[in-house]
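Basis for what follows: all heavy atoms, side chains included, without hydrogens, waters or symmetry-related copies. Numbered from 1 within each chain, the chains take letters A, B, ... in sequence-line order.
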There are 2 protein chains.
Amino acid sequence: MPTPKAVTTDDASLVETVYQQVLERIVAGHLPCGSVLSELAVARELGVSRTPVHDAVRQLAKDGLVAWEKGRRARVTAFTPDDVYEIFEIRKYLEGPAAELAAGRADRRHLVPLRATSVVLLSNRDDPEWTAKWADFDEDFHRTIAVASGNRRLAHEINRYRVIHKAINRIATDPELLQHAMTEHLAILDALEARDGPLARERMIAHITTWQDVFMRRVPWADQSAPAAPPSPFRESKSAGPPTVRDPRK
Amino acid sequence: MPTPKAVTTDDASLVETVYQQVLERIVAGHLPCGSVLSELAVARELGVSRTPVHDAVRQLAKDGLVAWEKGRRARVTAFTPDDVYEIFEIRKYLEGPAAELAAGRADRRHLVPLRATSVVLLSNRDDPEWTAKWADFDEDFHRTIAVASGNRRLAHEINRYRVIHKAINRIATDPELLQHAMTEHLAILDALEARDGPLARERMIAHITTWQDVFMRRVPWADQSAPAAPPSPFRESKSAGPPTVRDPRK
DNA sequence: CGATGGGCGATTGCATGCAGTAGTGATGCA
DNA sequence: TGCATCACTACTGCATGCAATCGCCCATCG
């Protein structure tokens with residue numbers, strides 16, 4: 001079969017397509033955390049050769065979503081509580097300043113659509129697809145602020161961590177929680193519109209902390225299928241400090 | 001020739017080896033910014049096949065050191081002044097908190113060697129290899145603080161930006177400048193040893209700002225070989241804001 | 001009955017082939 | 001003489017082959 005079955009209506013390279021496909025599968029919960037990621041299996045499933053899959057897996061490894069085992073096998077990263085804590089910390093370091101910058105460079109073109117969408121979202125609270133729409137808005141919200149910061153590389157880094165965030169976010173279904181998050185979003189928007197940088201920063205950090213607490217408390221990874229020692233990149237690098245239980249916050 | 005000429009005394013994968021080799025060449029100034037990066041040429045030069053080179057180039061692209069052109073050609077990233085500014089900003093966002101965290105978790109095992117090395121370095125100021133040793137120390141200094149932060153992912157990200165930093169750092173030869181940097185290093189060490197987080201953070205940010213200013217002022221990329229519109233990743237993504245000359249600082 | 005070693009299967013790393021495409025140089029026309 | 005078009009070349013993307021390695025399973029031994 002020289003011509004594969006054309007995974008999608010390709011406009012980009014196959015590698016990019018495979019990357020997106022695998023990423024989607026990880027985020028969606030297929031390819032559960034800790035499961036081995038067989039290049040051959042993925043290639044067969046997507047109807048492509050192993051080469052682009054190989055490349056895509058390496059990309060995912062760079063993103064920290066896939067961990068190389070000591071051999072040459074790749075596993076979907078199983079995030080430890082430490083990982084989750086660290087990821088949210090870094091999000092604060094990145095998105096806090098981004099919010100502050102965005103307040104200074106605030107552009108109506110950025111902010112107005114966000115507020116409009118949020119208003120719509122708050123009024124149609126019994127929409128059956130409300131959760132999905134909320135997720136879209138959340139995505140849009142953080143991405144817009146990142147872009148509005150004016151620092152393209154910062155936006156790029158924030159986006160990288162949003163991707164990771166999506167991979168560990170399987171619990172955001174509690175309506176009350178989402179409602180609370182929406183309140184925080186609006187508070188941040190207020191600060192942005194008022195061009196109050198420090199306030200925007202503070203509220204963004206508080207917002208991320210809220211979610212950090214939620215994730216750290218619910219600990220959904222504890223009762224996952226993963227047996228005992230789930231793999232994770234950035235783990236085996238340093239043989240230094242013991243993996244002590246981390247203090248909740250500074 | 002089934003067995004290539006063994007680039008190095010390989011212990012890791014070929015891809016990793018090639019990655020390091022190319023990275024080194026970029027940092028060293030061979031493979032100047034803006035030059036096309038031919039997979040075939042690299043493969044021939046290193047005596048390996050195209051496959052591992054292809055993988056390595058993709059990795060470098062993920063790191064932002066290589067930019068894909070519209071076709072499928074890769075070029076060594078030519079950093080614009082905007083890029084350099086942004087990179088240093090992000091370094092502040094990452095290394096500032098890292099310093100603060102490191103102050104809180106400060107471990108003698110981390111700090112003592114740093115101070116020892118710095119003392120040696122300050123006494124042998126007429127060592128012919130002083131500049132090289134200084135660079136090593138600088139590397140060690142920032143990496144140690146990153147690790148001492150306790151946030152492994154943060155350390156990883158800081159390291160990523162150190163790599164980029166090395167790629168654009170071709171001017172750090174002014175002894176007076178290095179001397180000044182050493183002073184700042186010591187000031188940061190003082191704060192760390194005093195376990196004063198906020199002060200360490202502040203001094204780290206000031207330190208990075210110093211270098212940011214130096215890089216922005218000397219503008220070494222202006223008289224480089226690159227003709228006019230040097231390519232850079234993260235550039236063509238958004239068609240939004242005009243690439244206005246950036247304000248020096250916030 | 002549990003642990004350890006050997007054999008087998010599966011999978012990955014690297015090399016190479018093929019085809020498509022972009023870049024480049026030459027040539028012809030205005 | 002300058003510009004546009006065309007053909008050629010070279011390089012990259014993807015597929016596939018080969019060999020090495022790793023994991024797993026079973027058999028044998030303590």
Exercise for review: Could you check which of D:dC14, C:dA15, C:dT11 has an atom nearest any side-chain atom of A:Leu40?
Suggested key: C:dT11
Point to revise | Atom-to-atom span, CG of B:Leu14 to P of C:dT16 - whole angstrom | key: 12 Å
**Study point:** Euclidean distance, atom CD of residue A:Glu39 to atom P of C:dT11 [Å, nearest integer]
**Key:** 11 Å
**Study point:** Rounded distance in Å - OH (B:Tyr19) to P (C:dG13)
**Key:** 17 Å
Check your understanding: Quick one: are B:Ile87 and B:Phe79 in side-chain contact, heavy atoms under 4.5 Å?
Key -> yes
Review point. Which word best sums up how the rings of A:Trp211 and A:His165 line up, parallel for under 30°, tilted for 30 to 60°, or perpendicular for over 60°?
Key: perpendicular
Review point. Nearest nucleotide by nearest heavy atom, which residue falls closer to the 5' end of DNA chain C, A:Ala74 or A:Thr51?
Key: A:Ala74
**Study point:** C:dT12 phosphate, OP1 or OP2, under 4.0 Å from A:His54 side-chain N/O
**Key:** no
Exercise for review: Check the distance between C:dT12's P and A:Arg75's CZ and give it to me in whole angstrom.
Suggested key: 12 Å
Practice item. When you get a sec, tell me which of C:dT11, D:dC14, C:dA15 is the closest nucleotide to the side chain of A:Val15? Key: D:dC14
Practice item. Figure out the CH2/C1' separation between A:Trp68 and C:dT12, and round it to whole Å. Key: 9 Å
Check your understanding: Do A:His142 and A:Met204 have side chains that get closer than 4.5 Å, going by heavy atoms?
Key -> yes
Point to revise | Closest to the A:Arg44 side chain, choosing from D:dC14, C:dC14, C:dT11 | key: C:dT11
Exercise for review: Map B:Arg50 and B:Asp55 onto DNA chain C by nearest heavy atom, then report which one ends up closer to the 5' terminus.
Suggested key: B:Asp55
Revision key, fill the gap. Looking only at D:dC11, D:dC24, D:dT16, the nucleotide nearest the A:Arg73 side chain is D:dC24
Review point. Strictly by modelled atom types, are A:Tyr161 and A:Asp63 linked by a side-chain donor-acceptor pair under 3.5 Å?
Key: no
